[in-house]
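I have placed the structure first, in the form of structure tokens, so that the comments after it can refer back to it.
Here is the naming used below: chain letters follow the sequence lines, and residue numbers restart at 1 for every chain. In this text, all values refer to a predicted model and were calculated from it rather than measured experimentally.
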Amino acid sequence: MNERRKPYPFDQIELKWQATWDKNRSFRAPNPGEENFDPAKPKFYVLDMFPYPSGAGLHVGHPEGYTATDIIARYKRLRGFNVLHPMGWDAFGLPAEQYAIKTGQHPIITTRDNVAKFKSQLKRIGFSYDWEREVNTTDPAYYKWTQWIFLQIYNSWFNPETKKAERISSYHGADPDGVRLAYVAEVPVNWCQELGTVLANEEVIEGKSEVGGFPVVRRPMRQWMLRITAFADRLLDELESLDWPDSIKALQRNWIGRSEGAEIKFEIGPDAPLQLGERIRRPHIKVFTTRPDTLYGATYMVVAPENPLVDQITTEEQRDSIEAYRAGIAAKSDLERTDLSKEKTGAFTGAFAINPANFERTPIWIADYVLMGYGTGAIMGVPAHDARDLEFAQRFDLPVRIVLQAPAGQESLGFVGDGTAINSPLIENLPTEAAKQKITDWLEERELGARSINYKLRDWLFSRQRYWGEPFPIIWRDGKHEALPESELPLEPPALEDFKPTGTGEPPLAKAKDWIRHSDTASRETNTMPQWAGSCWYYLRFCDPQNEKRFVGPEPEQYWMGGGKPGGVDLYIGGVEHAVLHLLYARFWHKVLFDLEYLSTPEPFQRLVNQGMILGEDGRKMSKRWGNVIDPIDVIEIYGADSFRCYEMFMGPLEQMKPWSMKGVEGVSRFLARVWRLIMEENQAGEWILSGEVQEVDPQKSELKILHATIKKVSGDIETLSFNTAISQMMILVNALTNTPVKPVSALRTLLILLNPFAPHLTSELWQTLAEKFPGVSGDITRQRWPDHDERLLIEDEIEIVLQVNGKLRDKITVALDATDAALETAALANKKVQNAVGGQTIRKVVVVPKKLVNVVTG
RNA sequence: GCCGAUGUGGCGAAAUGGCAGACGCAACGGACUUAAAAUCCGUUUCCAUUAAACUGGAGUGUGGGUUCGAGUCCCGCCAUCGGCACCA
């Protein structure tokens with residue numbers, strides 16, 4: 001770069017301080033019992049979402065959240081907390097494997113290189129991580145415990161009585177394999193030929209793979225599943241106790257998608273109903289509905305095309321058309337199938353079902369708008385009060401019967417809200433809620449139905465046909481799975497030369513014939529775990545990263561994760577893109593481990609904050625395609641790490657999306673340079689020396705006032721993560737100090753501590769310089785106490801009072817602080833501008849707000 | 001369609017129901033300089049009026065409402081962004 005004169009010598013001081021912090025282990029967080037651990041201090045666990053170390057290195061989006069947590073970490077240390085602030089690498093995953101396929105470079109190599117690059121970039125920004133706690137999900141010493149946790153899940157079941165995960169030994173039923181929290185199932189999966197793997201529903205976006213955008217088709221395969229659905233209610237209910245943004249809670253609730261309703265049996269067959277009791281043994285279709293109150297409006301049934309029932313009920317005359325329809329469905333991709341804009345399709349089975357409420361014969365259809373995977377895979381069609389059913393009924397000329405009266409002024413046909421039941425003898429004229437209860441009670445009494453709850457959440461498809469992931473600690477013997485003995489962990493993947501997918505759906509690990517063979521009678525599972533696995537528990541490992549005996553020792557876990565709140569991590573900052581998946585999976589694993597009594601809290605993360613995305617200078621998402629990507633290291637070259645950190649925080653509210661601006665960085669850099677020049681001046685030789693204006697004098701009253709206002713504002717703003725306004729306030733203070741001829745050391749001292757979390761290098765350097773001369777400044781700035789403000793210094797003798805007439809500003813007057821309401825009113829009415837504005841009108845009322853304003857209201 | 005977020009100067013933004021636009025950017029003017037950069041000081045919501053000070057009016061997406069007083073609270077609408085999407 002050109003020898004552009006730097007506004008202050010950040011290039012000389014930043015690397016120096018980073019080296020000093022490393023050497024002094026300044027940010028090491030000792031565990032209970034370790035050297036230098038101070039049990040008198042409270043703990044604070046502040047966590048970043050650890051990155052996937054890609055080859056491209058860091059971009060400005062990463063350090064936004066990292067800077068926020070770093071400010072919090074440094075602030076909390078100054079506040080006297082033991083702070084856990086760790087960083088690590090989520091390094092298993094597809095990109096490294098794809099790269100290996102392309103170049104032949106082993107993922108271990110790529111991962112090592114990428115981690116080194118990321119780490120050096122993070123260090124250059126001056127983050128105060130305790131690097132002695134660094135973890136890497138691809139390290140055998142780490143994934144040993146990922147595999148171990150999988151075995152805990154595998155060896156557990158969900159006891160519906162206790163609503164908890166329990167060891168499988170407490171299950172006394174016939175088929176333990178049928179209730180394990182990790183189980184094998186033949187399920188239709190999202191198969192991506194291009195990637196040679198199955199993907200989770202969450203990894204498929206509009207029928208294409210999230211990674212690469214390749215086509216994805218449905219195909220049944222044997223897969224490992226985790227029974228997350230058993231925890232649906234707890235995952236839902238326990239959200240309440242967390243300090244998360246409502247929008248994120250809403251996303252999770254939405255994803256879990258709990259809906260209450262009833263399952264209702266419709267018996268099949270054209271005959272008249274038989275006697276009670278006999279009826280129940282006859283073949284029937286069970287449907288799930290959230291609106292049992294519209295049962296009288298059910299004029300047809302629809303069964304999902306894949307439902308096995310279809311084979312049983314289809315009549316001979318209809319068989320050909322049903323089969324043709326099913327064949328057409330099977331050929332379609334998910335994308336085509338779920339295309340909302342397309343017209344409804346379906347086929348008549350020839351069979352009829354009896355509506356249990358009014359004994360009417362209703363035709364049974366199949367249609368692809370009914371999904372096999374939700375509820376019972378069958379519905380009752382109530383066209384009058386469901387948009388989809390109405391569309392279907394109109395398309396196929398099925399009868400429509402209104403059974404719900406909409407509130408006055410609204411059309412009853414197509415009404416889906418709460419109204420009044422009509423044309424429904426059993427529940428006639430009842431409001432929706434009461435009608436639901438009554439008809440469900442009636443159905444339950446006759447064993448024709450039952451209350452039921454359904455979730456959109458599905459069990460977690462946990463296996464991948466990939467190389468670069470944790471191998472399952474599972475062996476197969478005689479067609480049955482069993483746990484690998486713990487003594488054989490970690491189970492490392494074989495050293496493959498060829499990582500390519502087999503193309504058949506068989507995982508790459510199947511190529512390692514020697515590795516597969518476990519013993520004469522057993523062979524290894526060849527699937528690997530998804531990338532989410534390692535990130536499900538890394539925050540626990542950070543508490544005790546070198547423990548070889550346990551995934552986390554009880555004492556460090558209780559210390560760092562405890563604290564009396566439901567969630568253990570005090571503050572967790574990361575991207576909103578993990579709002580559902582990572583955060584739901586981690587909560588699920590956490591609850592299992594909690595139930596098994598390994599953990600002290602039911603939830604992992606107490607307070608969650610999502611940083612907003614940083615856009616390019618053109619307002620577009622940063623991407624190579626637009627050529628608007630900003631490399632943090634380039635910015636640091638020109639302006640320094642402190643300017644970079646402060647600008648990222650000054651841009652606007654943390655949670656908000658905002659565009660980058662190099663001019664903005666420059667502005668913040670000017671601010672830091674002004675701080676530098678408050679304390680330093682250049683001598684004749686062009687060297688920076690301590691400024692003569694810095695003196696040991698008492699600050700003036702006005703200086704004290706602004707100083708304490710700044711302490712108050714900055715402290716409060718850091719607590720609420722309002723870093724932008726904290727910086728604004730410090731700018732105001734610095735502007736004020738710049739204008740005074742003599743700079744009191746005590747004020748500068750306080751300023752440096754306040755600014756330290758934001759600009760740690762600059763403040764460390766200036767602190768050291770002051771310490772050389774002034775006894776009031778000593779030691780290391782990272783070991784100081786955060787200042788408290790003195791409220792008395794903020795009080796003014798005189799205050800400005802706003803005078804309004806009918807709410808409009810007319811004048812301002814200055815009065816004594818202790819002026820009475822009556823005095824204020826008198827002063828206002830005597831004011832010339834107020835009198836002008838009032839004119840001849842009568843004064844109806846005078847509102848006096850003490851210390852604020854007087855509002856004269858005219859009639 | 002459903003859920004959520006956002007809407008304030010030329011730009012990033014700020015404002016416990018009480019002075020809208022703090023702070024920063026950009027722009028303009030001034031000081032310093034042979035000059036420039038850097039630095040420092042000042043002006044900067046819009047409209048009208050004025051030589052100027054001043055003065056008057058309008059103003060936080062839009063239409064209503066509550067209130068002495070609304071960017072802020074309530075109801076309706078519009079726009080943008082994000083998530084989910086035939087989940088019965």
Look at all strands and tell whether [X] reaches a base, only sugar-phosphate, or nothing, counting heavy atoms closer than 4.0 Å.
X	result
A/Lys713	nothing
A/Val302	nothing
A/Pro653	sugar-phosphate
A/Asn739	sugar-phosphate
A/Ser259	sugar-phosphate

G-U wobble or Watson-Crick pairing nucleotide for [N] (cut-off 3.5 Å, both distances):
N	answer
B/G9	none
B/G4	B/C81
B/C46	B/G57

**Prompt:** Between A/Trp255 and A/Arg587, is there a cation-pi geometry (under 6.0 Å to ring centre, at most 45° from the normal)?
**Reply:**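 No - A/Arg587 does not lie over the ring of A/Trp255 by the 6.0 Å and 45° rule.
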**Asked** Counting only heavy atoms not in A/Lys249, do more than 12 fall under 6.0 Å of its NZ?
**Response** yes
**Parallel, tilted or perpendicular, as decided by the 30° and 60° cut-offs, for the rings of A/Tyr369 and A/Phe392** = tilted
**Any donor-acceptor N/O pair, A/Thr376 side chain to A/Lys286 backbone, under 3.5 Å** =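 Yes.
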**Message:** For a quick check, with a 4.0 angstrom heavy-atom cut-off, what is the B/S/- contact string for nucleotides 18-36 of chain B, read 5' to 3'?
**Reply:** BB--BBSSS----------
**Request:** Within residues 292-300 of chain A, find the residues that approach RNA chain B with a heavy atom at under 4.0 Å, and present them sorted by residue number.
**Result:** none
Show me the protein contacts with nucleotides 60-67 of chain B, counting only N or O atoms at under 3.5 Å.
none

